[in-house]
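Worksheet for the structure shown next.
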There are 2 protein chains.
Amino acid sequence: MKRHAIPSQFRSHHPHPCDGNLPSDLNAVLQQRVTELAEATLELSKGETLAHSGMPFKHLYLVVSGGFKSVQIGEDGQSQIVSFHFPRELMGLSGFAQHAYTTDLIALAPSLVCEFPVAAVKSVLGADRTLLDHFLTYISESLARAERDQFMLGSLSATQKIACFLLRLQDNLRHAGADPECFDLLMTREEIGSYLGLTMETISRLFSQLQMAGVARVDKRQVRILRGDLLQVWRDEGVEFATRKRKKIPALKLA
Amino acid sequence: MKRHAIPSQFRSHHPHPCDGNLPSDLNAVLQQRVTELAEATLELSKGETLAHSGMPFKHLYLVVSGGFKSVQIGEDGQSQIVSFHFPRELMGLSGFAQHAYTTDLIALAPSLVCEFPVAAVKSVLGADRTLLDHFLTYISESLARAERDQFMLGSLSATQKIACFLLRLQDNLRHAGADPECFDLLMTREEIGSYLGLTMETISRLFSQLQMAGVARVDKRQVRILRGDLLQVWRDEGVEFATRKRKKIPALKLA
DNA sequence: CGGTCGCTTGATAATCGTCAATTGATGTGG
DNA sequence: CCACATCAATTGACGATTATCAAGCGACCG
């Protein structure tokens, strides 16, 4: 992990490493105010850990490029990915409560982040009413996302989960101005499975099934969505999860 | 739903309906400042809806007595409970983002809440640095809780889920100064199932199993925890989910 | 008193996890 | 440069976990 300090006299000048990389609602007029806070940029290589669960909560991080997984550790050592973070997203927001990070933040690929000292963030939030408003919006949005994830984990079938997952990736890409039909996954099947509450094998089978159904082409990490409309059907209504040939004889009732 | 307005000249005087009912970190010196904001108290009977998903986000609510479920609605009308809210908890925090509630908030029992206008809350957060700090702590705590829920939904077995659920209820009761060994559930089996990503029948069987194992006594909604230590074992290591008599013959390997 | 609701329990089956074997890609050291 | 190991992914066979369907029961309510 390479650290590049940003001299303070440089912080209000352009160009700045965070330019154009703020969450949707923190951009525009607020951008300059926020970039003034950036203390450093960090360069991580794939697999490096930016924050460790339980360690003192000193910084918030803005993803500039690359991607991260946020890993929750259970009482007995199991772990699950609870979210992925892509460019223009803030990481570490759940750390305010216990003054400690609640998850590990690990780079999925070579990545760049901006580092914001918590104290400075709090300070500027107290001083700038508009920024506070946008910050509340952002953290609230994170909460809403977690609620949707809970719904996904608890109420959807395997086929609905991947459809949901892929559709959200597409939304992300659209917001980033990238091609939502054709993209690269930054994560392994196992990581997707961890996030969706499924196993690696199930994810693999689901990708095969998506391909057989003509919904998408998947080659290694390269994904091309062919039928977004069908994907929505998969998400909203679900389809049969194909393992072996079905034997379905609905059994007749007795009088 | 009965509304009781609080005259503003009364807001800074004692006694106040919200006294002693603020989230752990919003109490002490902050209590007065916060109670000054309370616009009204609302009295709900069981089953009444305090906030509707998608409706304009105007108020935050503090639970004074009773309890609530927060219900997430899926694309196609399914629904899942994503959290329960008990006295001293704030509800509605996920509404800042879209200026709309993201879930339905429904009373599990006759309940009392304090109503805080969002605009007034924002305003006082901008003015009072300490309060802002505690508010961030609280919303961050909500986010951390949602992450733990995701872990529970995605990584635990049915037996681990109930153990986890009951242990959290106990923690809640301890914080409220109530008896953590003996309490009443405010929710039905179906509601617990919805929250844990299981069915009503599974919850019922799990309660029966808890009783047979001597871990707890469950009679309708009355629960008495007999062996908190075993409950932790259930949560951390899990136990076999008993349906019919097990047939387990681990099969030997071939050379 | 009939009806609905919450709950329990049993029988059966679908979904998805586990285990195993295989392949291709990547990387490493002799 | 070629074994050699490692890792991500695919696919099959099998079975456990948990959902679904069904029946019954007590409690409460109009």
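Note that the structure is predicted; figures quoted are calculated from it, not measured. Every heavy atom of this structure was used, including side-chain atoms; hydrogens, water molecules and symmetry mates were not. Convention: sequence-line order gives letters A, B, ...; per-chain numbering from 1.
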Minimum-distance nucleotide to B:Thr202 side chain [options: C:dG6, D:dT18, C:dC16]: D:dT18

Nearest-Å distance, CD1 (A:Ile192) to P (C:dG17)? 14 Å

Considering only C:dT8, D:dT10, C:dT15, which nucleotide approaches the side chain of A:Phe241 most closely? C:dT15

Consider the side chain of A:Arg221, meaning its heavy atoms from C-beta on, and name the nucleotide among D:dA9, D:dT11, C:dG6 that approaches it most closely. D:dA9

Does a nitrogen or oxygen in the side chain of B:Ser204 sit under 4.0 Å from OP1 or OP2 of C:dG6? no

Pairing of B:Asp171 and B:Arg174 as salt bridge, 4.0 angstrom limit: yes

With a 4.0 Å cut-off, would you call A:Lys69 and A:Glu191 a salt bridge? yes

Quick check on DNA chain C: between A:Met200 and B:Glu190, whose nearest nucleotide comes earlier from the 5' end? B:Glu190

Are side-chain heavy atoms of A:Gln209 and A:Phe241 found at a separation under 4.5 Å? yes

Quickly work out the A:Ile203 CD1 to C:dC16 C1' distance and round it to whole Å. 11 Å

How close or far is atom C1' of C:dG10 from atom CZ of B:Arg205, stated in whole angstroms? 7 Å

Pairwise side-chain contact, B:Ile162 with B:Leu166, heavy-atom cut-off 4.5 Å (strictly under): yes

Quick one: are the ring centres of A:Phe68 and A:Phe84 less than 6.0 Å apart? no

Does C:dG6 have OP1 or OP2 under 4.0 Å away from a side-chain N or O of B:Arg189? no

For atom NZ of A:Lys220 and atom P of C:dG24, their distance in whole Å: 13 Å

Report the distance from atom CG of B:Asp219 to atom C1' of C:dC7, rounded to the nearest whole Å. 11 Å

Can you measure A:Leu206 atom CG to C:dT15 atom P for me and round it to whole angstrom units? 12 Å

Is there a side-chain polar atom (N or O) of A:Thr199 under 4.0 Å from OP1 or OP2 of C:dC16? no

Take the protein atom CD of B:Gln222 and the nucleotide atom C1' of C:dG6, then report the distance between them rounded to whole Å. 16 Å

Please give, in whole Å, the distance from C:dC7 P to B:Ile162 CD1? 13 Å

Under 4.0 Å, counting only non-hydrogen atoms across every strand here, what does B:Gly238 touch: a base, just sugar-phosphate, or nothing? nothing

Is B:Glu201 side chain donor-acceptor paired with the D:dC21 base, going by distance under 3.5 Å alone? yes

